[in-house]
Structures are given as structure tokens and as C-alpha cells.
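Here is the structure we will look at.
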2 protein chains.
Amino acid sequence: MNKYNHPGVQYFQHVSEHCIHYMSIDGVIFGFSENQLKVLLLRWKGTDEWSLPGGFIYKLESVDTAAERVVQERTGLDKLYLKQFHVFGDANRYDQADTWRRTKMPLDGIKWSERTISLGYYALVNYSLVTPMPDLMTDECRWWNIPEVPGLLFDHNHIIDVALQSLRRELSDQPLNQLLPDQFTIPELQRLHECILGAPLDSRNFYKKMLASGQLERLPERRSGTSHKAPYLYRFQP
Amino acid sequence: MNKYNHPGVQYFQHVSEHCIHYMSIDGVIFGFSENQLKVLLLRWKGTDEWSLPGGFIYKLESVDTAAERVVQERTGLDKLYLKQFHVFGDANRYDQADTWRRTKMPLDGIKWSERTISLGYYALVNYSLVTPMPDLMTDECRWWNIPEVPGLLFDHNHIIDVALQSLRRELSDQPLNQLLPDQFTIPELQRLHECILGAPLDSRNFYKKMLASGQLERLPERRSGTSHKAPYLYRFQP
DNA sequence: GTATCTTTACGTACAACTTACGTAAAGCAA
DNA sequence: TTGCTTTACGTAAGTTGTACGTAAAGATAC
């Protein structure tokens, strides 16, 4: 493919003209399924290299709007819970020459900046509503279990770490219902907490705490099939 | 003064050439003295208009380094406790035409961006070590008690609000010793907590909590003169 | 000098929350 | 039937937080 026809290169030309230079947005999109906390990653065209979804800010666009755009385009969701968690602004965040070589993007002709300041946002989304979609630079978009995330391009492993630490710190205030289906069991909610905290919890105490919070409504049905004693289904109350 | 000789305009020309466009840094510098929480503000040349100290990021400079530079230049301090707390990135953060008119800066010839994304940092500094210094755009740099801060330029009242909320949330983890002299009394530490929280605390319970934390070392001397019963002096332990 | 008031310094009682662990019912597997 | 795992609910002890009592030290008023 001629490099000027490469859709990724054309995208970078568009960005170079219309977006703010020296800045980008990186989105850590968290989902939860099969008792595993997951992030959405992209595989770059013609490579085995993965990265977080990202994007750029139009010159007159609100930063939060740009972040919404990034997450919407990869997930297909229109209502999002998004949170700005950190700015990654070191002069040398990663080895640029090496990273861009690994992406196999023929960007040598493009006027772009020598370094990038990245605004980190994390999103909490309902796994089952997401349709993962790659962008112009990538072949594939899919969920990865947090513990299995491979070595990523740029400093994206570090960004995921910081996002997870932020989520952990804010766990008690955050609307975790965003990460769960409408109906779920207390053991499932416990696995979610354990994945975020990275440590096991005592189920007896977890039950007590969740029921005492008054935020859960017990439904008459139980989840059948999966476990020994069928657990009740719950729903978050408005 | 000819506008091309205005040192502030010359500074903007320098910034326009060497710094990242569309971005700035705003610093909320907190100090504590006479039982009052204070912020350092600047009065713009030939006006009664005040703002936070701010600055720009050189194209190859780390964002944290730029923030240090901003705070160092206004305070004269070289070791700083600085914390990135929020990005202010709305497309319309404030009325630009009106704000720039109020600054009385003759910037019509300067190539600068239509909007600015500001990175908010707060600093906790030792009031008595600070030498407030105005910059090229300003006549005066001085401390203001938080409750007495006037209507500021840009969206800087909002930025102070958000900084204070962040500090409040992180109060228990933050090194508040940065805000205090080497030696202080428990009642002084209590006033500091009260200023940050914006609410009175029970002195009996505050004593218990501070002593139980194990972070304080009682000195043999007491503070004389100021109060009825002379309070003991304390120091933070390493 | 004595009485009074304010501020510090330390103490007690109780409520709220956390942690550790016990146990029976429900379902699966041998 | 026996044994194992998982859910659902309970109890006891420990820790933390809140409300408030009070005596000592110093300042102020008379």
C-alpha cells in the first residue's frame, strides 16, 4: 500500500491540521465479565503490538468531549461514565523512535510533535453492551483480562496501572453499577471488588456491608445453574 | 509605553514561539499563617484585577517541571510539594474577550490560541519561607486569605474551589507539614484542618487523633504570650 | 490579690464501623 | 447416603469516631 493511501497516515494528516499538537487522550475502558476485570485494547495494523484506544482534541473542542468521542468510537456506547484521572506529561514518557517503529506506521512525512502530553481518562462500561471497533490504525479491538495484558506500545502499561490505582482509591464513591449488568448476584459484585482491589474479601463481611449500604434491591429470582447453592439476583436502586 | 516594549507582550511573543500552544499551567499556592489558609495571587499591571500565577510548557519540557518553574518563580522556593489536581479543558471556560480586556494587555498582534486547556497544580508551601514576586504581566504578588479572595480573572475562582476540594479529600494522606513551620502547636494544626475542611472540629477529639497518629513529637518548650494556657510545641517526626 | 473567663490537656462513655470466624441450608459429585 | 462447595445470615471482639466532662495554666477584670 502506498503510504499516502494508508488510512492511518491520512488520519494523522487530518489530526495534524485540525487537532491540538503535543496533546492526546488515552482511554482506559474497564469492563467486567465472567468474573474478570477487563480493558479494551487495539492491535495495530499488520503487527502483534497492542495499545490503549486514544485520540486527539480538536482545536475548539472540550477535552471531556474529546474523551467521550474516543470511547464512543471504540465501544459504540453513547452514554458513558468517564473520569479524568491523570496527566502523563513527562518529556520522555517512552522511547519514541522504538515505539513508532513497532507500530509500522509510515509517518516520516507527517508533521507531528516531538513529544506528547497525554490526558488519561478511564471509563466504566457495561461489557455486554459494547461492540469493540478498531480504528484507522488498527486491525483488531478486543477485551483483555487485566492480569493477562501483554507488553503494550507507548507507556500504556503504566497508564493502566495508574488508572487502576485511581479506581481502587475511589472504589467506594464510584458508580460500579456501570460495570455490571442490570441484574447480578452478590458473589459477582464481590469478584468485581476483588478484581479492582487485587485482594480477596471475606464473603460474610462483604454481604453484610453491601446489604447495609441500602443501595441494593433483592429480586425474587435466583441465578440458577452456575453454583452450588443458587444465589439471589440483585439490582442497584435509583 | 509602546506595546512592543511592554515586557508582558514580549513574554507572550517568547511563549508563542517556544511553548506548547493551547495549554497552560495554573498554580494554586497554599500557605498558612496567623491561623488563616491563604493563596498567592497576582495583580495585573495597571489594573485592580487579580489572578492565579500561571505559565506555559516548553515544547520539550516535562509538565511537572513546568509547574515547578511557575511556583518557584513566584515564591523563590526550590523544594516544593506540588500536586496535579485537575485539567480545566472546557471549550468555553470563561469569556475570553472580556477577560483579556480586563487585563489591559495589548495582545492583539500576538499569535495565540483561541482557547486554553489549563493544567491545575496545587502547592503546599511554608508561608514564612516565601518571597512573593510578581511576573512580567503583573505589578504585585501577595497572599490572600481564602475567604477574602476577590473576583478573579479567567475561571480562577473556580480553579481555587476545585483545588480546595481536592486538598480536602486528600487531607489525611497529604504532608500538611509542608504548610506549617518546623515547630507548631496542636491548636494551630487544628486551625489548619478547620480552614481546609471549612468546618470547626472538637478540640478534645482532635488532640486524641493527632497524638494517636504517632507522627508528632512533643518538644519541652511551650508557646508563650499568645494564649491563656501556653500550649506545647510539636514537630512532625521523620 | 482574688474572682472570673478562656484555652489547653487529658479523660470517660457510648455509638458506628471493621474484622474474624461460626453455621445451617442448598445444590453438586462420588 | 456421604462429603464438598457455595450461599446466606449471625455473633463476638476490636477499632475508630463522636459527644461531652473537667482540671490546670494563664490572661483579664475588679
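To find a chain, count down the sequence lines: A is the first, B the second, and so on, and within it residues start at 1. Side chains included, hydrogens not; waters and symmetry mates left out as well; all remaining heavy atoms used. The structure presented is a predicted model; accordingly, all values stated were derived computationally and were not measured.
Note: CZ (A/R223) to P (C/dC28) measures 15 Å, nearest angstrom.
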Requested in this report: Mind running ring pair (Phe, Tyr, Trp, His ring centres under 6.0 Å) on A/H158 and A/Y94 for me, showing each step along the way?
Outcome: CA-CA 10 Å; A/H158 176 233; A/Y94 49 86; over 10 Å; no

What side-chain donor-acceptor pairs closer than 3.5 Å can you find for residues 229-238 of chain A, not counting sequence neighbours?
{"from": "A/Y232", "atom 1": "OH", "to": "A/R222", "atom 2": "NH2", "distance (Å)": "2.8"}

Side chains of residues 27-38 of chain A: which donor-acceptor partners sit under 3.5 Å, not counting sequence neighbours?
{"from": "A/K38", "atom 1": "NZ", "to": "A/N145", "atom 2": "OD1", "distance (Å)": "2.9"}

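Surrounding CG of B/D173 are more than 12 heavy atoms belonging to other residues, nucleotides or ligands, all under 6.0 Å away.
The only member of B/W143, B/W144, B/W44 that meets ring pair (Phe, Tyr, Trp, His ring centres under 6.0 Å) when paired with B/W50 is B/W144.
Over its length, the helix from C/dG1-D/dC30 to C/dA30-D/dT1 turns its helix axis by 0°, as judged from the five terminal pairs at each end, rounded to 10°.
In terms of the side-chain contact (heavy atoms from CB on, under 4.5 Å) criterion, residue partners of B/S62 (sequence neighbours excluded) are, by chain and number, A/D90, A/A91, B/T65. With sequence neighbours left out, the salt bridge (charged side-chain N to carboxylate O under 4.0 Å, His left out) criterion links B/D64 to no other residue.
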Report task. Could you encode protein contacts along nucleotides 1-10 of chain D as a string, one character per nucleotide from 5' to 3', using B for base contact, S for sugar-phosphate-only contact and - for no contact, with a heavy-atom cut-off of under 4.0 Å? Result -> ----BBBBBB

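Between B/E194 and B/R191, at least one side-chain N (NZ, or NE/NH1/NH2) sits under 4.0 Å from a carboxylate O, which counts as a salt bridge.
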